[in-house]
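Throughout, a chain's letter reflects where its sequence line sits, starting with A, and its residues are numbered from 1. Since we're looking at a predicted model, the values are computed, not measured.
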Amino acid sequence: MNQVVETASALRRLRLRSTQTRIPSAIVVAPPAPKREPIQIDNSLAKLLDQVTRLLPDLHHDLFDLLGQIPSGRVTTFGRLAAALGDRHAARWIATVLRHDSRAASVPWHRVVRLDGSLPGTSRSDSLSQKDLLLREQIPLRDERVMSSVDFFEDFASSHPLLRLQEEQRQAAERVSLHDQIPERPTLAGIDVAYPNPGQARAAYVEFDPRLKTVVYERIVDSEVGFPYITGFLSYREIPAYLYLLAEVEAVRPLADVLLVDGSGVLHPRGIGIAAHLGVLLDRPTIGVSKKLLHGSLVDRGDDSLVVDIAAESREIRGAAVKVTRDNKPIYVSPGHGCSVERAIDLVQLSFATHRLPEPVYLADRLSKARSPL
DNA sequence: GCGACAG
DNA sequence: ATCTTGTCGC
């Protein structure tokens, strides 16, 4: 299989041009990377990428700043740190960092405990255990737990970076359109991201003809990860990888009329899952396809029908649980942008083949996970 | 102990 | 998402 892999840093050095290449309608697969022949990148996508990445907060830096604020002899909880970042959902990410990241050894990681007072410890081989470090600061422990009489530190000075992102999400949500802007017989592409190594994202694009059931074009682009996974904020982790990918694709051929994105569309607590957010940024039709339901509730019992409506908070139908066959687990479909709920379901069903996921998304998922020459 | 929890 | 071996089912 022919694949083209470009690193983010290599992409940044590429010259920007605006010529468009015409591709014959036959099956086209990306040729092996030519020797440093300047690849054309669409100016607007490159600009968008720059804009998006510039506004990304450095959450790692912000977290370590907060950790440094916990006074000696005091303790706090993962949830309180997460709240200081602006969203309690960040608690699990914080726990992962403190447990696994070697850099946490140089900050007072031991002053962070669970809400019930129990000690999470660390996977690092630090010389002193969390218990020893806390006893040294005279923090009262009983049965490996901080005693309930201890009150948790929460007087953090913080700019609440995740609150700022929530506000940005609300503004983006206002720009979402559920009106169809899709041609009669649209071309379709599935996109997905995998993480072959820590800190490295690999985004894949697979354009698929649902009637011929054939792959029309595929592409892989590697880039660096600049944001952790936090529930509700997937966009900030994966959209940069998608923009690198789409800039490369658009330099070679027109993007598909509809992008099927692995993730939620408008079925999101603020109405702006990754498919919707990407659609708004590109102002192009997108559809969200996820394996788990992030937000909303089923309207019917989902036993016998292939399509079950999903209502969001306002009781409006915003998506559906859709199955290939009766006894399959469903996938969850919601419009991203420039697409109605009904059309989203139609197009997903049209692109079903033999797998649980619509074929373009299934193939993009597989392609992103395929090992490739580096 | 149970539910929530996109990727 | 990723870490992972064999195993069960069509």
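The side chain of A:A194 has C:dT2 as its nearest neighbour among B:dA6, C:dT2, B:dG7. The A:K369 side chain lies nearest to C:dA1 when the options are C:dA1, B:dG7, B:dC5.
Counting any heavy atom pair closer than 4.0 Å across all strands shown, A:Y195 reaches sugar-phosphate atoms only and no base atom. Contacts of A:G232 with the nucleic acid, taken as non-hydrogen atoms under 4.0 Å apart, include base atoms. Residue A:S264 is in base contact, counting any heavy-atom pair closer than 4.0 Å across all strands shown. At a threshold of 4.0 angstrom between heavy atoms, the contacts of A:Y236 with the nucleic acid are absent.
Rounding to whole angstrom units, CG of residue A:L278 and C1' of B:dA6 are separated by 15 Å. Atoms NE2 (A:H89) and C1' (B:dA6) sit 11 Å apart, rounded to a whole Å. Between the P atom of C:dA1 and the CD1 atom of A:I239 lies a distance of 17 Å, rounded to the nearest Å. Separating the CG atom of A:L234 from the P atom of B:dG7 is a distance of 8 Å, rounded to the nearest angstrom. Residue A:I287 contributes atom CD1, which lies 17 Å from atom C1' of B:dA6 at whole-angstrom precision. Across the protein-nucleic acid pair, A:K329 atom NZ and B:dA6 atom P stand 13 Å apart, rounded to whole Å. Protein atom CZ of A:F233 is 14 Å distant from nucleotide atom P of B:dC5, rounded to whole Å. Atom CZ in A:R237 sits about 13 Å away from atom P in B:dG7, given to the nearest Å.
Of the possible donor and acceptor atoms, one in the side chain of A:H337 sits under 3.5 Å from a partner among the backbone N and O of A:S177. Although no hydrogens or angles enter the test, the distance criterion places no donor-acceptor pair under 3.5 Å between the side chain of A:E359 and the main chain of A:F352. Side-chain atoms of A:R88 come within 3.5 Å of backbone N or O of A:G79 as a donor-acceptor pair. A:R219 contributes no side-chain N or O that, together with a main-chain N or O of A:V249, makes up a donor-acceptor pair within less than 3.5 Å. At least one donor-acceptor pair under 3.5 Å links the side chain of A:S334 to the backbone N or O of A:G265.
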(message) Reading 5' to 3' and counting Watson-Crick or G-U wobble pairs with both distances under 3.5 Å, write the dot-bracket notation for DNA chain B, | for bases paired outside the strand.
(response) .......
(request) Represent DNA chain C in dot-bracket notation, 5' to 3'. Only Watson-Crick or G-U wobble pairs with both distances under 3.5 Å count; pseudoknot-style crossings use [ ] and interstrand partners use |. (result) ..........
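One finds no side-chain N or O of A:K292 lying less than 4.0 angstrom from the OP1 or OP2 phosphate oxygen of B:dA4. Residue A:K291 places at least one side-chain N or O under 4.0 Å from the OP1 or OP2 atom of B:dG7.
For the pair A:Y229 and B:dG7, the ring geometry qualifies as stacking, because the centroid separation is below 5.5 Å while the planes lie within an angle under 30°.
Here the side chains of A:V258 and A:T286 are not in contact, with every heavy-atom distance at 4.5 Å or above. You'll find the side chain of A:R92 stays beyond 4.5 Å of the side chain of A:F78, heavy atoms only.
Centroid-to-centroid, the aromatic rings of A:H277 and A:Y236 come within less than 6.0 Å.
Taking a cutoff of 4.0 Å between a charged side-chain nitrogen and a carboxylate oxygen, A:R111 and A:E137 qualify as a salt bridge.
A donor atom on one side chain and an acceptor atom on the other are found under 3.5 Å apart for A:R114 and A:S118.
Rounding to the nearest 0.5 Å places CD of A:E313 at 7.0 Å from CZ of A:R318.
For the pair A:R124 and A:W109, the cation sits on the ring face: its NZ or CZ lies under 6.0 Å from the ring centre, inside 45° of the axis.
Contact check of residues 268-277 of chain A against DNA chain B (heavy atom, cut-off under 4.0 Å) returns A:H268, A:G273, A:I274.
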